[in-house]
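Everything below concerns the one structure shown next.
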Amino acid sequence: MTDTAELKLDNGETYELPVITGSAGEKAVDVTSLRGSSKYITLDPGYGNTGSCLSAITFIDGEKGVLRYRGIPIETLAEKASFLETSYLLINGRLPNKTELENFQSEITIHTMLYEDVKSFYDGFPRDAHPMAILASVVCSLSAFYQDEEGSPEEVSYLNSIRLMAKLPTIAAWAYKKSVGHPFVYPNNSLSYCENFLYMMFGLPVEEYEIDPLLVEVLDTLLILHADHEQNCSTSTVRIVRSSMANMFACIASGICALWGSRHGGANQRVIEMLQRIREDGGGTKKFIEMAKDRESGFRLMGFGHRVYKNFDPRALIIKDKCAELLNKLKVSDPLLDIARELQEAALADDYFAERKLYPNVDFYSGIIYRAMGIPVNAFTVMFALGRLPGWIAHAKEYTEDPKNRIGRPRQIYTGPEQAEYVPIEDRG
Ligand code: ACO
């Protein structure tokens with residue numbers, strides 16, 4: 001079997017390029033040397049067929065609907081691991097032993113507080129600020145509080161990663177408190193990661209807040225399912241920002257911004273808004289399926305389709321079951337769940353969706369769970385960010401530790417005028 005590929009170009013030359021094989025047998029033609037030898041670049045807008053790095057963190061087989069973190073199937077982690085255990089796995093490359101996990105948990109726990117000065121930043125935001133705007137701004141602002149620290153760059157990055165893991169739930173919960181005008185609740189370090197988040201979100205100084213273990217369990221699973229997804233838009237953003245040697249807070253803030261958009265993590269908010277629209281419309285799902293099929297309408301089925309999965313998103317399958325289980329146990333009936341099920345059934349039976357291999361993705365059912373937990377719709381993407389944080393950290397770390405790393409700097413094919421005259425302003429029409 002050959003481990004090179006030949007590329008014949010219109011200059012009459014043939015170039016030999018190395019073929020790289022991943023551990024699951026996936027292949028890539030390595031074009032690194034192509035421009036140097038031929039002056040040609042490769043063009044792939046949207047990077048649908050471009051590998052940006054070698055990575056040992058997460059494996060996806062989009063055709064088969066497989067997702068594994070460091071080789072472990074997502075289904076196993078969702079059933080057996082905790083979110084912090086999964087975070088350790090992603091960041092450090094292997095499962096922790098008992099002592100390592102305890103140390104990791106306590107390292108995170110002692111960093112949950114924010115500087116009191118950070119708290120005053122919240123005063124500057126309007127009450128109706130989107131929580132993702134607050135999350136990104138406050139995370140980036142942490143770089144002003146932790147600068148010029150002693151230790152090797154690896155030690156500083158590690159400490160800042162622990163700070164991020166510890167402080168993101170506090171920042172997120174306070175963004176919510178700001179939006180409802182309630183006093184901020186300080187973290188309670190006797191609580192677990194997810195308990196603490198729920199306590200800071202829903203606790204009030206005037207009454208005891210009883211943390212529902214069921215919500216803790218469901219939240220932990222949701223965070224695991226969101227924890228990494230290889231080179232998606234936000235993770236690629238984190239890696240590219242890291243490639244300029246920006247600090248960890250700046251890198252994660254950029255990941256949060258990239259996640260925000262409706263084609264990425266912002267889709268979970270849009271799914272609920274879409275389901276509500278269908279409900280208010282009262283005419284059933286058929287009209288919306290037809291609209292989604294009509295390019296001119298500008299409407300897409302939110303929570304459907306994925307760049308990589310051409311089969312069921314394995315996370316969506318787990319979330320769908322968790323969703324039914326949670327609503328059942330909470331004895332809540334959400335009409336939006338019925339609409340979601342109807343929509344899924346209708347879409348999967350429709351040729352348009354079948355031909356394009358469009359299936360429900362992770363965002364399709366997660367919003368219904370967040371709603372049942374009492375999380376407001378505009379904070380859904382914040383929940384995604386809380387889950388994705390260890391993945392972003394793992395990728396920034398992997399990038400930093402790669403001895404061959406280079407700044408991320410794609411090329412382009414220029415299509416503007418080759419040369420143009422500068423016309424003085426008084427002579428312009
Ligand atoms: N509804 C209707 N049609 C769709 C949808 C959808 N949700 N998604 C894709 N299509 C159609 C496109 O119109 C296109 O049709 P065409 O071939 O006739 O032109 C075809 O399917 C391929 O779609 P692309 O946009 O080329 O696929 P791409 O890989 O670029 O986009 C994306 C993937 C952004 C996820 C897209 O499917 C989408 O917009 N989905 C809705 C938003 C969403 O749920 N995003 C969350 C993704 S998961 C995540 O980030 C956590």
Side-chain angles (χ1 to χ4, degrees), residues 44-51 58 60 62-63 65 67 69 74 132 222-238 255-275 277-278 285-320 336 339-340 342-370 377 380-392 395:
D44 179 22
Y47 310 128
N49 198 37
T50 294
T58 287
I60 300 176
E63 272 70 34
L67 170 61
Y69 299 162
I74 191 66
M132 287 296 275
L222 281 177
L223 296 184
I224 292 171
L225 296 180
H226 286 90
D228 193 42
H229 215 231
E230 48 117 308
Q231 311 308 321
N232 55 83
C233 177
S234 56
T235 304
S236 300
T237 302
V238 169
I256 292 170
C257 291
L259 185 73
W260 191 356
S262 62
R263 286 181 177 175
H264 191 14
N268 58 12
Q269 172 176 345
R270 299 299 180 88
V271 169
I272 291 295
E273 288 165 355
M274 173 188 75
L275 295 175
R277 189 173 153 199
I278 297 174
T285 54
K286 197 168 182 304
K287 173 177 152 191
F288 290 86
I289 294 277
E290 291 310 313
M291 259 163 66
K293 288 158 58 175
D294 173 12
R295 252 179 175 271
E296 301 297 304
S297 73
F299 174 83
R300 280 191 167 195
L301 269 198
M302 299 315 288
F304 254 77
H306 199 277
R307 171 61 62 80
V308 180
Y309 291 120
K310 301 301 164 201
N311 199 325
F312 271 95
D313 178 338
R315 302 166 300 172
L317 291 173
I318 300 172
I319 288 183
K320 185 176 177 230
L336 297 193
I339 296 174
E342 196 187 318
L343 202 60
Q344 172 178 322
E345 225 167 272
L348 293 180
D350 193 294
D351 285 349
Y352 172 95
F353 293 89
E355 278 160 17
R356 290 167 181 76
K357 299 191 166 74
L358 301 170
Y359 292 87
N361 61 46
V362 66
D363 293 322
F364 195 63
Y365 287 100
S366 63
I368 298 171
I369 303 189
Y370 294 140
V377 178
F380 288 1
T381 315
V382 168
M383 303 305 294
F384 195 146
L386 288 182
R388 183 53 53 88
L389 179 62
W392 289 332
H395 283 272

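Just so you know, these numbers use all the heavy atoms, side chains as well, and skip hydrogens, waters and symmetry mates. Numbering of ligands and ligand atoms starts at 1, following listing order.
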*Taking only heavy atoms of R307, which atoms of ligand 1 are found under 4.0 Å from at least one of them?*
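Once the distances to R307 are compared, the set is 28 (P), 29 (O), 30 (O), 33 (C).
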Contact between ligand 1 and [X] is defined here as a heavy atom of the residue under 4.0 Å from a ligand atom; is it met?
| X | value |
| --- | --- |
| G46 | no |
| F299 | no |
| F364 | no |

*Heavy-atom donor-acceptor pair, Y352 side chain to I289 backbone, under 3.5 Å*: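 Such a contact is absent between Y352 side chain and I289 backbone.
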*So with a 6.0 Å cut-off around CD of E290, is the heavy-atom count from everything else above 12?*
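Count over threshold, so yes.
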Any idea which part of [X] is under 4.0 Å from ligand 1, heavy-atom wise: side chain, backbone, both or neither?
| X | result |
| --- | --- |
| R295 | side chain |
| N232 | neither |
| R356 | side chain |
| V271 | neither |
| D313 | neither |

*Run through D313, V271, N268 and flag the one making a side chain to side chain contact (heavy atoms under 4.5 Å, CB included) with F364.*
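Among D313, V271, N268, the one that satisfies the side chain to side chain contact (heavy atoms under 4.5 Å, CB included) with F364 is V271.
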*Report yes if some heavy atom in the side chain of H229 is under 4.5 Å from a heavy atom in the side chain of R388; otherwise report no.*
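H229 reaches R388 side chain to side chain.
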*Specify whether the nearest protein heavy atom to atom 26 (O) of ligand 1 is under 4.0 angstrom away.*
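Within 4.0 Å: no protein heavy atom nearby.
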